[in-house]
Protein chains: 2
Amino acid sequence: MTLDMLLRATELITEDMTTALRADGLTQARAKALWGVAARAPLTQRELADALEVTPRNVTTLVDALEEAGFVARGSHPDDRRAIWVDLTKKGRTAVARMEKAADQLAEQLFGGLSPEELAAATRALASVAEHFTA
Amino acid sequence: MTLDMLLRATELITEDMTTALRADGLTQARAKALWGVAARAPLTQRELADALEVTPRNVTTLVDALEEAGFVARGSHPDDRRAIWVDLTKKGRTAVARMEKAADQLAEQLFGGLSPEELAAATRALASVAEHFTA
DNA sequence: TATTGTTATACTCTATAACTATA
DNA sequence: TATAGTTATAGAGTATAACAATA
């Protein structure tokens with residue numbers, strides 16, 4: 001029952017996020033890629049592929065789309081002429097900041113009504129789920 | 001933070017389920033469709049499309065794959081010669097039973113170690129998420 | 001030889017639009 | 001006219017394999 005509810009809750013949240021991202025011209029996969037760039041920029045496409053756990057070929061398409069939309073820019077790697085430097089543009093930084101803010105607001109709406117004890121217990125429960133898989 | 005953990009937990013669970021489904025020759029989308037058939041069989045493709053909230057065209061492909069793999073069978077609708085009756089095969093029933101059992105076992109592994117208080121708090125947190133979106 | 005990123009190709013999931021057979 | 005399901009077409013996300021440029 002709790003498993004069903006967990007999956008259902010995420011489905012609803014993901015739907016909501018997908019709608020919000022569409023307003024910025026982003027999909028889930030592209031937002032995740034943009035997020036990955038933001039966390040490590042500047043980085044090579046190979047590094048981004050490893051971070052996202054997808055193939056380099058997949059990253060080519062994702063970066064193509066993000067570059068086309070103006071969120072990231074490709075440039076020369078200073079030391080390795082095979083590699084491509086990917087960095088955030090100003091538009092990309094703005095979009096990431098907006099995503100962070102939206103995530104915070106959503107979290108407040110979703111969990112703001114819980115007591116500190118409940119929130120702590122729920123967090124522990126979710127942590128134990130993650131532990132089960134990473135252990 | 002809790003939002004991150006919720007999304008992360010579901011990501012891990014989904015990964016795990018995807019691997020398990022692959023052993024049965026099923027993808028997430030096909031398993032969901034099979035599940036939809038199991039809950040209502042026999043039913044028309046139109047009814048399945050409504051239940052899954054996808055287009056009739058999408059259902060054609062999903063049922064094609066499930067039929068090809070022997071999980072469901074198409075048949076004539078008794079009253080409407082336009083419509084197609086979809087029903088589970090014996091293999092389909094077996095697969096659904098196995099999926100149910102696997103879900104129960106996973107839930108036990110994930111949540112069996114929690115105290116009743118933690119489990120109750122987690123359930124309330126998840127319920128409040130669902131309420132936020134359905135209200 | 002090994003690595004970076006690309007082109008070529010393919011499969012899955014999804015959608016809209018046009019069409020056929022039936023209601 | 002309206003509905004059920006299909007063919008035609010398209011976009012997105014993913015993968016493997018072969019290749020060019022560079023290390």
Side-chain angles (χ1 to χ4, degrees), chain A residues 11 14-15 17-19 21-37 40-69 71-87, chain B residues 11 14-15 17-19 21-37 40-69 71-87:
Chain A
E11 194 174 12
T14 302
E15 231 173 75
M17 290 172 80
T18 301
T19 303
L21 290 171
R22 187 157 36 218
D24 272 350
L26 286 166
T27 62
Q28 285 285 338
R30 289 170 191 178
K32 196 174 167 188
L34 180 56
W35 197 260
V37 173
R40 302 163 185 84
L43 80 174
T44 67
Q45 292 191 184
R46 175 76 227 188
E47 288 163 352
L48 184 55
D50 290 340
L52 299 176
E53 297 187 287
V54 297
T55 60
R57 178 62 185 88
N58 197 346
V59 166
T60 297
T61 310
L62 293 170
V63 173
D64 280 353
L66 291 176
E67 189 178 36
E68 165 98 23
F71 293 111
V72 306
R74 282 180 166 108
S76 304
H77 188 286
D79 303 336
D80 187 338
R81 292 205 297 178
R82 294 171 307 179
I84 289 176
W85 251 155
V86 182
D87 205 348
Chain B
E11 194 174 11
T14 302
E15 232 173 73
M17 291 171 82
T18 301
T19 304
L21 290 171
R22 186 157 38 217
D24 272 352
L26 287 166
T27 61
Q28 285 285 339
R30 288 170 193 178
K32 196 173 166 187
L34 180 57
W35 197 260
V37 172
R40 301 166 185 82
L43 80 174
T44 66
Q45 293 192 185
R46 176 75 229 188
E47 287 163 351
L48 184 55
D50 290 340
L52 300 175
E53 296 187 290
V54 298
T55 60
R57 178 61 185 91
N58 197 346
V59 166
T60 296
T61 310
L62 292 170
V63 173
D64 280 353
L66 291 176
E67 190 178 35
E68 166 98 22
F71 294 110
V72 306
R74 283 179 165 109
S76 304
H77 189 286
D79 303 336
D80 186 340
R81 292 203 298 176
R82 294 170 308 179
I84 288 176
W85 225 201
V86 181
D87 205 348

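Values below: every heavy atom of this structure, side chains too, minus hydrogens, waters and symmetry copies. Below, chain A is the first sequence line, B the second, and so on; all start at residue 1.
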Problem set entry | Salt-bridge contact A:Glu67-A:Arg30 (side-chain N to carboxylate O under 4.0 Å) | no

Nearest-nucleotide check on DNA chain C, A:Pro56 vs B:Arg30; residue mapping nearer the 5' end is A:Pro56

| message | So, OP1 or OP2 of D:dA12: does either fall under 4.0 Å of a side-chain N or O from A:Gln28? | response | no

Is any NZ, NE, NH1 or NH2 atom of the basic residue among B:Lys32 and A:Glu11 found under 4.0 Å from an Asp or Glu carboxylate oxygen of the other? yes

Contacts satisfying salt bridge (charged side-chain N to carboxylate O under 4.0 Å, His left out) that involve residues 52-61 of chain B (not counting sequence neighbours) are none

With sequence neighbours left out, the residues meeting side chain to side chain donor-acceptor pair (under 3.5 Å) with B:Asp50 are B:Arg46

Using a cut-off of 4.0 Å on non-hydrogen atoms, how would the nucleic acid contact of A:Val59 be classed: base, sugar-phosphate, or nothing?
nothing

Taken in chain and number order and not counting sequence neighbours, the residues that satisfy side chain to side chain donor-acceptor pair (under 3.5 Å) with B:Thr55 are none

Protein heavy-atom contacts under 4.0 Å, written 5' to 3' over nucleotides 16-23 of chain D as B (base), S (sugar-phosphate only) or - (none), form the string B----BBS

Min and max contacting nt of DNA chain C in 5' to 3' order, chain B heavy atoms within under 4.0 angstrom, are C:dT12 to C:dA23

Hits for ring-ring contact (aromatic ring centres under 6.0 Å, His included) against A:Trp85, two or more places apart or cross-chain, chain-then-number order -> A:His77

A:Leu26 CG to D:dG11 C1', in whole Å, measures 16 Å

Exercise. Would you say the side-chain atoms of A:Thr18 and A:Gln28 include a donor-acceptor pair closer than 3.5 Å?
Worked result: yes

**Asked** Please walk me through it: do A:Asp64 and A:Arg74 pass salt bridge (Lys or Arg N to Asp or Glu O under 4.0 Å)?
**Response** CA-CA 9 Å; A:Asp64 280 353; A:Arg74 282 180 166 108; 2.9 Å; yes

To the nearest angstrom, the NZ-C1' distance between A:Lys32 and D:dA12 comes to 15 Å

### Query
Counting only side-chain N and O atoms of A:Thr61, is one of them less than 4.0 Å from OP1 or OP2 of D:dG13?
no

From CG of A:Leu21 across to C1' of D:dA12 the rounded distance in Å is 15 Å

